Amino acid sequence: MKRDFAALGQQHFDLLVCGGGIYGAWTAYDAALRGLHVALIDQGDWAGATSSASSKLIHGGLRYLENYDFKLVRKSLQERTMLLHAAPHRVWPLRFGIPVYAAHRFNRLQLKLGLTAYDFLSGDTDPAMHHQYHDTDQFTRHFPCITTAKLKGGFSYADAQTDDARLVLELVDGAQQAGACCVNYCQLLSLQDNSPDLHNITVQDRISLATQTIHARQIVFTTGQWLAENEPSREWCQLSKGVHLVMSAVMQDEAMLLTTPSDGRVFFMIPWYGMTLLGTTDTGFDAGTQPMRVESREIDYLLEAANVYLKHNWTRDDVIGSFAGVRVFKRPSGTPSTLSPSALSRDWELRSVSSGVHYAIGGKITSSRQDASHIVDTVCQQLGLSVPCATDGRIFPWAPQDNFATWSMTLSAQAQQSGIDTECTKWLLRRHGTRIPDLLQRVAADASLAQRIVPSLPFIRAELVHCAATEMVVHLDDLLRRRLPLLILAKLSRDQLDQIAVSVAPAAGWDSARQHQEVNRCTALQDRS
Ligand SMILES: Cc1cc2nc3c(=O)[nH]c(=O)nc-3n(C[C@H](O)[C@H](O)[C@H](O)COP(=O)(O)OP(=O)(O)OC[C@H]3O[C@@H](n4cnc5c(N)ncnc54)[C@H](O)[C@@H]3O)c2cc1C
């Protein structure tokens with residue numbers, strides 16, 4: 001993946017996509033596959049905002065059934081099924097347990113009805129994806145970490161999980177391979193209508209601070225929470241902040257859906273890269289509140305909720321890390337901006353204000369592909385083109401074309417022969433897909449690259465060099481938060497950061513002054529989170 005800011009000014013585009021989160025990535029990829037001449041920009045890193053701060057679930061959203069949002073649940077479950085087939089390296093099944101306690105918010109019958117509806121709406125005929133009931137013994141065998149007092153048994157059901165930042169990155173790479181011009185650290189500053197069918201857009205390179213003009217016939221704003229910073233889109237949305245805590249492992253490969261005793265909200269404990277993600281909160285958020293911090297009361301709220309269920313209580317000292325993101329909800333016209341976030345629909349909407357300018361509002365990672373296909377349909381219609389969507393069911397850019405199980409077995413054997421441990425191998429396949437041979441070549445040239453970067457996490461040193469060289473890394477935190485979620489899942493010392501900066505400097509083209517700056521930037525980010 002190559003970054004080329006100058007290329008943006010050298011051509012006329014059919015479509016400029018502003019915002020490189022999941023919505024921008026799918027839109028650019030779909031439009032480029034349909035033959036449009038596309039530019040995709042982001043003011044920061046790919047997935048630098050909410051699209052790397054989600055719960056990492058590809059799910060229908062069991063709790064939306066409570067709001068009778070069957071349409072959204074069905075659409076999301078269909079996308080889940082499609083993604084499990086089209087991207088088996090990127091999206092993998094994850095089973096969730098729901099304990100049933102005496103005098104709990106949901107009783108056994110309510111859960112049974114909800115889960116039956118969920119299975120039905122998914123249309124998935126694979127029994128492994130259907131719900132099951134477990135008696136108390138079976139349930140506690142699956143989840144030995146939970147308290148058994150008043151436990152009456154429990155259910156399990158299937159959804160799916162991903163690495164959200166790498167999902168976005170793979171799609172940006174797909175867009176670039178399909179001909180799109182994709183530039184991170186490029187901010188849209190202003191937009192002028194030159195003629196009814198050509199816009200002049202001023203953008204700034206956030207690295208050199210140079211500005212230039214992009215010419216595009218259509219523009220889509222997939223700017224997430226930044227929609228609320230400008231008119232007219234400010235009126236169309238409401239924001240809510242969601243916090244996750246990173247805790248040590250309490251479960252192996254299964255997650256739990258639980259409800260908080262204080263306000264009855266659903267929250268999750270989710271295994272991810274051998275750690276546990278505990279989240280999320282859902283509280284009103286004001287646009288422009290930067291930088292976003294995780295507050296002590298949000299930590300306490302989540303720990304208190306989790307400790308109701310855990311045999312061994314977590315304290316603040318057990319919190320390894322945290323991250324926060326902002327949900328955007330579409331707000332029907334005329335409704336107050338103070339509705340409870342949990343009461344607002346998670347579904348998505350496209351607003352077009354004048355010919356050729358469109359705003360994507362709200363949505364979910366799970367359903368973003370389908371929503372992006374509607375964006376591109378609208379753009380094509382306005383351009384007078386009739387080209388069908390190209391992403392539905394399409395094998396992902398880094399997915400093997402052959403049988404996934406055979407491919408996994410072959411690549412796992414090769415990785416292990418190269419000295420990479422079993423757990424790292426499992427995640428390496430999920431993270432890099434068909435890019436693995438490049439990593440194995442690096443390990444063949446230098447066996448020390450097969451080693452873990454830190455002993456507790458399944459990332460190897462070859463990934464640092466590979467990602468720095470090939471994945472449009474601009475800053476060290478792009479590498480250590482999104483190409484690998486190392487800084488999210490662990491605290492690194494200054495020495496560790498220095499060593500990493502030195503090891504990737506040749507691939508990133510950094511001299512010693514730049515290495516120093518990058519380490520300072522990461523240290524400041526760590527101190528803030
Ligand atoms: C706590 C939480 C948990 C969630 N969990 C899930 C989940 O498990 N599953 C699921 O399906 N969904 C989940 N979601 C929802 C999902 O994360 C969001 O719907 C999705 O990430 C939004 O993507 P986006 O592309 O619209 O916005 P973003 O990812 O925020 O991207 C917007 C981008 O626009 C860029 N931008 C803004 N202004 C400019 C400009 N002027 N010039 C250039 N670039 C600009 C920003 O830098 C940013 O990168 C969750 C959300 C939250 C907050």
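One is the number of the first residue; the rest follow in order along the sequence. Every number for a ligand or one of its atoms is a count from 1 in the order of the listing. What you are looking at is a predicted structure, and each value in this text was computed from that prediction instead of being measured.
Proximity of G61 to ligand 1 is not established, as no heavy-atom distance is less than 4.0 Å. Using a non-hydrogen distance threshold of 4.0 Å, E229 does not register as a contact of ligand 1.
For atom 47 (O) of ligand 1, the nearest protein heavy atom (residue, atom name, distance) is D42 OD1, 2.8 Å. When only non-hydrogen protein atoms are considered, atom 23 (O) of ligand 1 lies nearest to S51 OG, 3.1 Å.
Considering backbone and side-chain atoms together, R327 places no N or O closer than 3.5 Å to any N or O of ligand 1. Considering backbone and side-chain atoms alike, D45 places every N or O at 3.5 Å or more from each N or O of ligand 1.
Within ligand 1, the atoms closer than 4.0 Å to a non-hydrogen atom of A49 are 30 (O), 48 (C), 49 (O), numbered from 1 in the order shown. If you number the atoms of ligand 1 from 1 as listed, the ones under 4.0 Å from a heavy atom of G21 come out as 25 (O), 29 (O), 31 (O). Residue contact check: G325 has heavy atoms under 4.0 Å from atoms 53 (C) of ligand 1.
Side-chain atoms of Y185 and D478 form a donor-acceptor pair, as typed in the model, at a separation below 3.5 Å.
Using the six-membered ring where Trp is involved, F396 and H89 have ring planes that are perpendicular, over 60° apart on the 30 and 60° scheme. Ring-plane geometry between Y273 and W427 is classed as tilted, the angle between the planes lying from 30 to 60 degrees on a 0 to 90 degree scale. Ring planes of H215 and H12: tilted class, angle from 30 to 60°.
C145 and M256 make their closest contact through SG-CE, 3.9 Å (heavy atoms, listed as atom of the first residue, atom of the second, distance).
D164 places a side-chain N or O within donor-acceptor distance of the main-chain N or O of S54, the cut-off being under 3.5 Å.
Legend: salt bridge (Lys or Arg N to Asp or Glu O under 4.0 Å) pairs involving residues 244-256, not counting sequence neighbours, sorted by first then second residue: D253-K426.
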